[in-house]
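One-based numbering, in listed order, for ligands and for the atoms of each.
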Amino acid sequence: MLVFGGTGDLALHKLLPALYHLHRDGRLHEGTRILALARSPITRAAYQAQAQRRCRAQVARADFDAATWASFAERLDYFQIDASQSADFSRLARHLGPVGERVQVYYLATAPNLFEDIARHLKTSGLAGPNSRIVIEKPIGHSLESAKAINAAIGAVFDESRVFRIDHYLGKETVQNLMALRFANMLFEPLWRSGHIDHVQISVCETLGVENRGAYYDRSGAMRDMVQNHLLQLLCLVAMEAPAQFNAESVRDEKLKILQALKPIQGMDVHDKTVRGQYTAGKIGGQEVPAYYFEKNVDNDSDTETFVALQVAINTWRWAGVPFYLRTGKRLAKKTSEIVIHFKQVPHLLFDNTQPNRLIIRLQPEERISLQLMGKTPGKGMRLAPVELDLNLAQAFRQKRRWDAYERLLLDVIEGDSTLFMRRDEVEAAWKWVDPILKGWQDNYQDPRPYAAGSNGPEQAQSLLELQGRKWAE
Ligand code: BG6
């Protein structure tokens, strides 16, 4: 595995700890080698020391010990490279020597402006042989056009079956459990449609701000950073039809159909069905935090959104008339990621206080699926209250360590299984839907609505639902 951007945050914070865990669990082939590549002129020992520090901070104390680290470090090497220089790739090819039958995984944990260069240089230096695979992370472009250019450049070197586009949300256990829930249980299928479901909410709320990623984030914003990928992928998994088989092509064919069935949001709909916000100063967990435009490397009069709420329609028989409300933001009151399926009210009310059932699929902070049903409270009369039927996944499988999303995904890349990765046409269909919203914001010059850090987002996001007699599940 060759990790470009080997000294960057993604490599040190996510990829190496995930590989360490896989090594510790005996999941890596004994011949697996990891070569970190970056521009810094440092030695193998210096790199290993840096990696050890970061892994120790990332891995649970009970899982980290010197002997396991030492055996992991034997796999880990460092190579200095300037990814824009083709000569450096010839040097790399000589360093690697003949690869024979070995699988090579090129993980591009770099800024996306290097993707095209790296792919081209891998080809010209003879490193993109039939056993090689390439992994790229979002942002895959900032618009449909730029995404197509990246996909074309990568596609000119690697055929689609060897391109792995990571969306780490698909590696999360609860997200895969959503597929198990839908496609391995008869219970929900008859109800999983318009007629029984009133609406669906998908929220990914964070308390963090932009940390030290201001330069990237200010050019991106919540729509490109979260909605175009993570939220739309979650929506696809909720809304897709059952695939004929659980394999890469069937699953991705079904997801693609949903992306293609999203009703475009353009013209006045951008005004009526979208809300964009930006956080101002406030308090998170008792701590004062600055406004977005005072964050490091952010423009002082930035109009980048740190919050988005959307009302989305899917033009299919199953989902006709069922709104999907999507919401994501930084510096919100609490960190939660969840999908809430709101069922319809019973057709005839026998008891006061009957509330519609809700199925809550929680990804974070805890992994949990719960079904809210109405029950009778003890004592006289028929006084009802919601009670939860709870599937606590961490508890149910407590003997098993919870895998980080990257562990699962890295292993899938090594094994060549792309079921949980985004196909080229999916990424492009998602941009095709997102672009008109971005354009609408730009054309109408809709400034982001301010919201205080530590709040639930701008008021307009509440009204988006309230005007239709609904409210966000907090
Ligand atoms: C990343 C975004 O893809 O996902 C970040 O770039 C965001 O801005 C992160 O904070 C959220 O991931 P998670 O796994 O913490 O929900």
| Region of Lys335 engaging ligand 1 - heavy atom pairs below 4.0 Å | side chain
| task | Check ligand 1 against Lys330 and write out every atom of the ligand that is under 4.0 Å from a heavy-atom position of the residue. | result | 5 (C), 7 (C), 8 (O), 10 (O)
| task | Provide, to 0.1 Å, the distance between atom 9 (C) of ligand 1 and the closest protein heavy atom, together with that atom's residue and name. | result | Glu206 OE1, 4.1 Å
| request: Mark up the atoms of ligand 1 that fall under 4.0 Å of a heavy atom belonging to Gln364, in ascending order. | output: 13 (P), 14 (O), 16 (O)
| task | Starting from atom 3 (O) of ligand 1, find the nearest protein heavy-atom neighbour and note its residue, name and distance. | result | Lys138 NZ, 2.4 Å
| said: Can you tell me how far apart CD (Gln442) and CG (Asp435) are? Round to the nearest 0.5 Å. | reply: 10.5 Å
| message | Any nitrogen or oxygen of Tyr216 lying under 3.5 Å from a nitrogen or oxygen in ligand 1? Just yes or no. | response | no
| query | Among protein heavy atoms, which sits nearest to atom 8 (O) of ligand 1, and what does the distance come to when rounded to 0.1 Å? | reply | Asp225 OD2, 2.6 Å
| message | Can you classify the ring geometry of Phe89 versus His121 as parallel (below 30°), tilted (30 to 60°) or perpendicular (above 60°)? | response | tilted
| request: Indicate yes or no: does Asp225 engage Lys138 in a salt bridge with an N to O separation below 4.0 Å. | output: yes
| query | Closer than 4.0 angstrom: is that true for some heavy atom of Tyr217 and an atom of ligand 1? | reply | no
| request: For ligand 1, find out whether one of its N or O atoms is nearer than 3.5 Å to an N or O atom of Ser337. | output: no
| Charged N to carboxylate O under 4.0 angstrom, Arg165 versus Glu160? | yes
| request: Among Tyr325, Trp472, Phe343, find the one that has a ring pair (Phe, Tyr, Trp, His ring centres under 6.0 Å) with His199. | output: Tyr325
| So which heavy atom in the protein is nearest atom 14 (O) of ligand 1, and how far is it from that ligand atom? | Lys172 NZ, 2.6 Å
| message | Do the side chains of Glu407 and Arg401 get close enough for a salt bridge, i.e. N-O under 4.0 angstrom? | response | yes
| message | Starting from atom 16 (O) of ligand 1, what is the nearest protein heavy atom, named by residue and atom, and what distance separates them? | response | Tyr169 OH, 2.4 Å
| To which protein heavy atom is atom 12 (O) of ligand 1 closest, and what is the distance rounded to 0.1 Å? | His168 NE2, 3.2 Å
| message | Under 4.0 Å between a side-chain nitrogen and a carboxylate oxygen: does that hold for Arg470 and Asp198? | response | yes
| request: Describe, in one word, how the ring planes of Tyr451 and Tyr279 are oriented to each other, choosing from parallel (under 30°), tilted (30 to 60°) and perpendicular (over 60°). | output: perpendicular
